[in-house]
Amino acid sequence: MASIAEKLTDITGAAFAALDLPVELGQVRVSDRPDLAQFQCNGAMAASKMAKKNPREIAQAVVEALQSHKEFSKIEIAGPGFINLNITDDYLASHLAQSAGDERLGVEKIAKQETIVLDYGGPNIAKPMHVGHLRSSIIGDSLRRICDFAGYSAIGDVHMGDWGRPMGMILSVLEARGTLGEPVTMDQLEEIYPAAAKACKEDEAQMEKAREATVKLQDGDETYKAAWKQFIDVSVKGMKKNFDALGVHFDLWKGEADVHELIAPMVNKLKTNGFAVESEGALVISVEQEGDKKEMPPLILLKSDGGVMYGTTDLATIVERMEENNPVKIIYVVDQRQSLHFEQVFRAAYKGGIVPENIELTHAGFGTMNGPDGKPFKTRAGGVMRLEDLISMGIEKAQARLAEADLARDMDKGERADIAQKVAIAAIKFADLQNNRIADYVFDIDRMTSFEGKTGPYLLYQAVRIKSLLRKAEGQGFKPGKEFLLRDSDRSLALLLTELPNVFEGALKNYTPHLLCEYAYRLAQEFSSFYAACHILSEEDEALRSSRLALCELTQSQIVLVLGLLGIKIPERM
RNA sequence: GCGCCCGUAGCUCAGUUGGAUAGAGUGUUGGUUUCCGAAACCAAAGGUCGCAGGUUCGAAUCCUGCCGGGCGCACCA
């Protein structure tokens with residue numbers, strides 16, 4: 001089912017078409033002047049340009065065509081040619097009843113279930129996960145949930161950095177220490193990796209050994225491979241702990257190494273097709289296009305030493321995904337700084353015939369995380385902050401807040417821990433997701449674990465309050481009704497509840513979860529005002545009471561749905 | 001040097017793709033609880049939308065030029 005704005009758009013669109021004007025001009029949206037009207041259509045002003053007529057005359061003609069539609073309670077022309085529209089309470093009420101009765105709450109499903117692969121998380125082997133992985137993980141996970149709800153078969157792939165030079169560096173250092181082949185722990189790995197990176201940077205001979213080790217590993221050397229396999233296992237365990245705590249899900253635990261076998265055939269094919277050429281000792285594929293404003297460096301497939309670059313593995317990963325998943329879209333949730341790289345890879349993929357033109361490859365990039373000083377985020381000690389430290393800080397603060405509240409007294413330890421966990425994750429996720437994906441953003445630990453104002457916990461609080469209210473109502477034998485009765489104090493919440501399908505569509509189309517954050521917050525806020533203004537359980541008019549309970553229930557369902565799409569879980573109480 | 005992104009209230013951010021009086025949170029000030037959960041609600045103050053031009057009925061939004069910040073430009077990932 002469509003949203004109210006869409007239904008009204010159909011009506012006004014037809015009115016424009018009847019005047020031989022483009023249907024698109026009939027676009028109706030929620031008014032940005034709620035004091036004047038509920039909905040507005042601006043098409044008459046755009047039409048006046050093409051028809052060379054007075055916009056108010058056009059608006060007048062459209063308005064006359066709309067008169068026969070009984071959905072409207074008020075149709076007015078304002079200013080230069082705005083068409084202001086109000087709908088009848090009957091119409092609003094019946095629309096609400098429909099969406100309340102719909103298990104998808106009015107959000108339409110795509111016609112055909114197609115596959116989307118989402119690439120996010122991207123943790124590296126042997127390195128602890130830090131706050132930099134947070135954005136990719138939670139934005140990616142949210143986008144996966146959004147695509148899934150839209151009706152796609154959405155596949156999330158963690159795509160670990162488990163290949164290439166860093167692996168060679170670790171192996172060469174282990175060898176130098178004489179401990180290659182012995183089991184290592186995560187703590188040891190975390191010590192070895194930076195030590196190895198430092199040694200290679202300072203010592204050219206060590207770097208040369210690292211290069212050799214990289215090539216040998218990639219050529220399938222048994223000893224190296226066994227050691228490598230072992231530290232993959234150890235690292236993955238550590239990653240899973242973090243992802244589980246965050247509630248970030250992956251369908252595939254693939255890494256760069258998984259496509260190694262596909263590289264040689266892919267490269268050969270690109271060679272025989274004439275796309276891959278030699279340049280300065282390396283094998284490259286040129287990705288320049290006509291109309292390029294900037295220099296576009298070629299994508300390097302093979303380095304002059306025969307080694308593989310990450311662009312090559314990315315390309316081979318596309319080969320694999322096309323074969324195994326046959327997706328219509330592949331979405332990369334990776335730092336915006338990689339945009340040139342993805343431009344190169346995508347162009348190479350299309351040019352080399354690895355993906356057909358009608359398959360969408362998108363880099364859904366996100367901004368750099370800065371500290372409150374505007375510079376790339378560092379802890380006070382100057383290091384990176386570990387993800388697990390951030391999570392435990394959030395949980396501690398949630399526990400402290402819970403201890404303050406009287407309500408926590410009667411809860412057992414297990415429930416209290418569960419609530420603290422959910423509150424902390426809601427705080428962290430919402431603080432991040434509410435920012436526009438593309439812009440750099442300031443990572444402020446206090447803001448991220450704050451529980452007041454526009455925060456995740458505020459949303460949980462409203463949801464929990466509704467739950468509690470509905471429980472109480474049930475205890476008194478009151479049930480949410482099937483019909484809506486709209487008084488002045490109910491109407492703005494009711495109108496807001498009809499916007500969900502449009503908001504969802506925007507978030508899906510632009511890969512922007514922050515639109516859902518914005519909506520969830522408006523909903524919670526609108527509900528809170530409504531809740532303060534009307535006392536529901538003591539309402540004596542039964543029809544009004546059950547209508548209001550129905551509004552509560554629908555609000556509740558929408559908050560659950562939207563927070564679910566953001567990857568935020570709601571406790572029973574808090 | 002070339003290119004990409006950003007610049008909106010003291011601070012952190014929205015702004016539905018060109019619409020009416022630019023909105024939230026936070027912080028500041030004041031108010032609200034014999035009543036469904038005060039992690040709340042109501043209200044006030046706070047703006048040359050970086051600057052200057054241009055396009056038009058109409059610009060935070062589109063175009064041009066500056067200023068300021070961030071990032072990226074072939075053998076790292």
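These numbers were taken from a predicted model, which means no experiment stands behind them. Here is how names work: the chains are called A, B, and so on, in the same order as the sequence lines, proteins then strands, and each is numbered from 1.
Comparing the P positions of B:U61 and B:G1 gives a spacing of 27 Å, expressed to the nearest Å. Across B:U56 and B:C51, the matching P atoms stand 23 Å from one another, rounded to whole Å. Atom C1' of B:A39 sits at a distance of 24 Å from the matching atom of B:A44, rounded to the whole Å. Rounded to whole Å, the separation between the P atoms of B:A22 and B:U16 comes to 15 Å. Taking atom P in both B:A9 and B:G23, one finds a spacing of 14 Å when rounded to whole Å.
Using N1 to N3 plus N6-O4 or O6-N4 for Watson-Crick, or N1-O2 and O6-N3 for G-U wobble, each under 3.5 Å, B:U16 pairs with nothing. The partner of B:A40 is B:U32, by the rule that a Watson-Crick or G-U pair needs both atom distances under 3.5 Å. Nucleotide B:U26 has B:G10 as its partner under the Watson-Crick or G-U criteria, with both atom distances under 3.5 Å. Base-pair partner of B:A59: not found among the strands shown (Watson-Crick or G-U wobble, both distances under 3.5 Å). Judged by Watson-Crick or G-U wobble contacts below 3.5 Å, the nucleotide B:A45 has no partner. In this entry B:A74 has no Watson-Crick or G-U wobble partner, no candidate having both defining distances under 3.5 Å.
Closest approach to the A:Val284 side chain among B:G3, B:A39, B:A74 is made by B:A74 (side chain taken as heavy atoms from C-beta onward). When distances are taken from the side chain of A:Pro297 to each of B:C73, B:C36, B:G37, the shortest belongs to B:C73. Of the candidates B:C13, B:C76, B:A74, B:C76 carries the atom nearest the A:Arg165 side chain, counting heavy atoms from C-beta on. Checking B:C73, B:C36, B:G37 against every side-chain atom of A:Leu537, the shortest atom distance belongs to B:C36. Out of B:U17, B:A74, B:A20, the shortest distance to the side chain of A:Ser279 is found at B:A74. In the set B:A20, B:A14, B:A39, the nucleotide with an atom closest to the side chain of A:Asn84 is B:A20. When the nucleotides B:C35, B:U16, B:A74 are ranked by their closest atom to the side chain of A:Arg29, B:U16 comes out on top. Considering only side-chain atoms of A:Leu36, the nucleotide from B:C13, B:A39, B:A20 that sits closest is B:A20. The nucleotide whose nearest atom lies closest to any side-chain atom of A:Tyr531 is, among B:A40, B:G37, B:C75, B:G37. The side chain of A:Lys454 lies closest to B:G25, out of B:G37, B:G25, B:A39.
With rounding to whole Å, A:Leu515 atom CG is found 11 Å from B:U17 atom P. Between A:Arg337 atom CZ and B:C5 atom C1' the separation is 12 Å, expressed in whole Å. Computed from coordinates, the A:Asn436 CG to B:U17 C1' distance equals 13 Å when rounded to whole Å. If you measure from atom CD of A:Gln434 to atom P of B:U12, you get 14 Å, rounded to the nearest angstrom. We find that NE2 of A:His341 is positioned 8 Å from C1' of B:A77, with the value rounded to whole Å. The separation between A:Gln476 atom CD and B:C35 atom C1' is 12 Å, rounded to whole Å. Counting to the nearest Å, the P atom of B:G19 and the CG atom of A:Leu25 are 14 Å from each other. Rounded to whole angstrom, the span from the CZ atom of A:Phe366 across to the C1' atom of B:C4 amounts to 17 Å.
Remark: A:Lys303 is in phosphate contact with B:C76, judged by side-chain N or O atoms under 4.0 Å from OP1 or OP2. Checking the phosphate oxygens (OP1, OP2) of B:G37, a side-chain nitrogen or oxygen of A:Lys472 falls inside 4.0 Å. The phosphate of B:G19 (OP1 or OP2) has no side-chain N or O of A:Arg33 nearer than 4.0 angstrom. Within the 4.0 Å cut-off from OP1 or OP2 of B:C41, at least one side-chain nitrogen or oxygen of A:Tyr458 is found. Note on A:Gln525: a side-chain N or O is less than 4.0 Å away from OP1 or OP2 of B:G25. Within the 4.0 Å cut-off from OP1 or OP2 of B:C42, at least one side-chain nitrogen or oxygen of A:Ser529 is found.
Counting distance only, with no hydrogens placed and no angle test, the side-chain atoms of A:Thr455 and the base atoms of B:A39 include no donor-acceptor pair under 3.5 Å. Judged by atom type and distance alone, A:Glu280 reaches the base of B:A74 through a side-chain donor-acceptor pair under 3.5 Å. Judged by distance alone with a 3.5 Å cut-off, a donor-acceptor contact links the side chain of A:Ser304 to the base of B:C75. Put simply, the side chain of A:Lys467 and the base of B:G37 share no donor and acceptor less than 3.5 Å apart. Put simply, the side chain of A:Tyr461 and the base of B:A39 share no donor and acceptor less than 3.5 Å apart.
When the shell of 6.0 Å around CD of A:Glu295 is examined, it contains 12 or fewer heavy atoms from other residues, nucleotides or ligands. In the displayed structure, A:Glu204 atom CD is contacted under 6.0 Å by more than 12 heavy atoms of other residues, nucleotides or ligands.
Across all strands, A:Glu518 comes closer than 4.0 Å only to sugar-phosphate atoms, never to a base (heavy-atom distances). At a threshold of 4.0 angstrom between heavy atoms, the contacts of A:Asn54 with the nucleic acid are absent. Among the heavy atoms of the strands lying under 4.0 Å from A:Asp32 is at least one base atom, whether or not backbone atoms are also near. When heavy atoms are screened at a 4.0 angstrom cut-off, A:Arg447 is found touching the sugar-phosphate backbone but no base atom. Counting non-hydrogen atoms under 4.0 angstrom, A:Gln336 reaches nothing in the nucleic acid. Nucleic acid contact class of A:Cys534 (heavy atoms, under 4.0 Å, all strands): base.
Between the side chains of A:Ser538 and A:His535, a donor-acceptor pair is found at a separation under 3.5 Å. Donor-acceptor pairing under 3.5 Å is lacking for the side chains of A:Gln27 and A:Asn42. Donor-acceptor pairing under 3.5 Å is lacking for the side chains of A:Tyr193 and A:Asn124. For the residue pair A:Ser489 and A:Arg548, a side-chain donor N or O sits within less than 3.5 Å of a side-chain acceptor on the partner.
The aromatic ring of A:His535 is stacked on the base of B:C36, with the two ring centres less than 5.5 Å apart and the planes inclined by under 30°.
Salt-bridge check for A:Glu288 with A:Arg347: failed, with every basic side-chain N at 4.0 Å or more from each acidic carboxylate O. A salt bridge is defined here as a Lys NZ or Arg NE, NH1 or NH2 lying under 4.0 Å from an Asp or Glu carboxylate O, and A:Lys454 with A:Glu518 meets this definition. Residues A:Glu208 and A:Arg211 are paired through a salt bridge, judged by an N-O separation under 4.0 Å between the basic side chain and the carboxylate. Taking 4.0 Å as the cut-off between side-chain N and carboxylate O, A:Arg573 and A:Glu415 count as a salt-bridged pair.
Classified by its glycosidic torsion, B:U17 falls in the syn category, the angle being within 90° of 0.
If you find the closest nucleotide of RNA chain B to A:Ser31 and to A:Gln27, the one lying nearer the 5' end belongs to A:Gln27. Taking for each of A:Gly307 and A:Arg465 the nucleotide of RNA chain B with the nearest heavy atom, the 5'-most of the two is the partner of A:Arg465.
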